[in-house]
Amino acid sequence: MEKNKRPSLDEYFMKMAHLAASRSTCQRRNVGAVIVKDKRVLSTGYNGAPKGLPHCEEVGCLRENLDVPTGERHELCRGVHAEQNAIIQAAVFGTSIKDGKIYTTNHPCVVCAKLLINASIKEIVYDDEYIDSLAKDVLSQSEVTVRRFKLKEKD
């Protein structure tokens with residue numbers, strides 16, 4: 001009998017990020033995030049409308065209607081990003097994420113990058129690219145480690 005292959009921690013947490021993304025209500029991109037520390041999940045998040053407000057799939061997407069390119073005019077999005085929601089959930093429940101690591105399905109935008117830097121996240125692990133050169137520039141000037149972990153199979 002063949003023994004089951006145990007996933008690496010990167011694979012394990014990235015799969016969790018993809019599972020979180022499956023809850024997204026964004027019409028353009030489904031993103032999930034998981035913040036961990038010491039091999040323990042601290043917080044999760046996915047992108048969507050603020051708590052209690054109608055989802056974008058119900059009211060439409062202003063960025064889509066205005067044909068705003070990816071990585072631009074983030075202020076026009078009514079949704080809260082996955083990384084932002086993971087940070088917010090930790091704050092709401094009083095969980096320190098200082099020196100934590102975030103696994104996210106996409107490279108963070110510049111807004112999320114700045115929040116992650118100020119939240120004292122020490123490492124960002126992402127699966128897919130996201131076009132936002134300012135985010136990469138800001139992160140390159142920080143002490144945050146950024147690396148890509150491409151999930152081989154997405155369930």
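All values derive from a computational prediction rather than experimental measurement. Along the sequence shown, residues carry numbers from 1.
With Thr105 contributing its side chain and His18 its backbone, the two residues share no donor-acceptor pair below 3.5 Å. The backbone N or O of Ala33 lies less than 3.5 Å from no partner atom in the side chain of Thr104, so there is not a single donor-acceptor pair.
Rounding to the nearest 0.5 Å places CD1 of Ile121 at 11.5 Å from OG of Ser142. Rounded to the nearest 0.5 angstrom, Cys77 SG and Arg29 CZ are separated by 11.0 Å. Note that the CD1 atom of Ile97 and the OG atom of Ser120 stand 8.0 Å from one another [nearest 0.5 Å]. Separation of atoms CD (Gln89) and CG (Leu42) is listed at 13.0 Å; rounding is to 0.5 Å. If you take CG on Leu139 and OG1 on Thr145, they are separated by 10.5 Å, rounding to the nearest 0.5 Å. Rounded to the nearest 0.5 Å, atoms CD1 (Ile35) and CD1 (Ile87) are 5.5 Å apart.
Pairs engaging residues 32-43 under the salt bridge (charged side-chain N to carboxylate O under 4.0 Å, His left out) rule: none recorded [sequence neighbours left out]. Among residue pairs with one or both ends in residues 97-119, those qualifying as ring pair (Phe, Tyr, Trp, His ring centres under 6.0 Å) are Phe13-Tyr103, His107-Tyr126; sequence neighbours excluded. Sorted pairs that involve residues 30-49 and meet ring pair (Phe, Tyr, Trp, His ring centres under 6.0 Å), not counting sequence neighbours, are lacking altogether. For the salt bridge (charged side-chain N to carboxylate O under 4.0 Å, His left out) condition, the pairs that include at least one residue of residues 129-147, sequence neighbours left out, are Asp10-Arg147, Glu123-Arg147, Glu129-Lys136, Glu129-Arg148.
You'll find the side chain of His81 stays beyond 4.5 Å of the side chain of Val111, heavy atoms only. Side-chain contact between Thr44 and Arg23: absent, with no pair of heavy atoms (C-beta onward) separated by less than 4.5 Å. Ile88 has its side chain within reach of Val80: a pair of non-hydrogen atoms, C-beta onward, lies under 4.5 Å apart.
The side-chain contact (heavy atoms from CB on, under 4.5 Å) search around Ser96 returns Lys98, not counting sequence neighbours. Remark: Thr25 pairs with His55, Glu57 by the side-chain contact (heavy atoms from CB on, under 4.5 Å) rule, at least two apart or across chains. The salt bridge (charged side-chain N to carboxylate O under 4.0 Å, His left out) test applied to Arg73 returns Glu75, not counting sequence neighbours. Applying the side-chain contact (heavy atoms from CB on, under 4.5 Å) criterion to Cys61, with sequence neighbours excluded, gives Gln27, Arg28, Arg63, Glu64. Annotation: side-chain hydrogen bond (donor to acceptor under 3.5 Å, both in side chains) contacts of Asn106 (sequence neighbours excluded): none. Remark: Lys5 pairs with Glu11 by the side-chain contact (heavy atoms from CB on, under 4.5 Å) rule, at least two apart or across chains.
Under the 4.5 Å side-chain heavy-atom criterion for ILVMFWY residues, no single connected hydrophobic cluster contains both Ile102 and Phe149. Both Val138 and Ile124 belong to a common hydrophobic cluster when Ile, Leu, Val, Met, Phe, Trp and Tyr are linked at side-chain heavy-atom distances under 4.5 angstrom. Cluster membership for Val31 and Val41, using ILVMFWY side-chain heavy atoms within less than 4.5 angstrom, is not shared. Leu9 and Val34 fall within a single hydrophobic cluster, where Ile, Leu, Val, Met, Phe, Trp and Tyr side chains are chained together by heavy-atom contacts under 4.5 Å. Hydrophobic clustering (side-chain heavy atoms under 4.5 Å, transitive across Ile, Leu, Val, Met, Phe, Trp, Tyr) groups Ile117 together with Val146.
Heavy-atom neighbours of Tyr130 OH from other residues, nucleotides or ligands within 6.0 Å: above the threshold of 12.
Taking every heavy atom of both residues into account, Ala90 and Ser43 meet most closely at N-OG, 3.5 Å. Annotation for Asn47 and Ser24: closest pair OD1-OG, 2.7 Å, computed over non-hydrogen atoms. Taking both residues in full, the closest heavy atoms of Pro54 and Arg78 are given as O-NH1, 2.5 Å, listed atom of the first, atom of the second, then distance. Residues Ala113 and Pro108 approach most closely at N-CB, 4.1 Å, considering heavy atoms. Ala21 and Gly32 make their closest contact through CB-N, 3.3 Å (heavy atoms, listed as atom of the first residue, atom of the second, distance).
Cluster partners of Leu19: none. The rule joins Ile, Leu, Val, Met, Phe, Trp and Tyr whenever side-chain heavy atoms lie under 4.5 Å apart, and it links nothing here. Grouped with Leu66 in one hydrophobic cluster are Leu62, Val68, Leu76, the linkage being side-chain heavy-atom contacts under 4.5 Å among Ile, Leu, Val, Met, Phe, Trp and Tyr residues.
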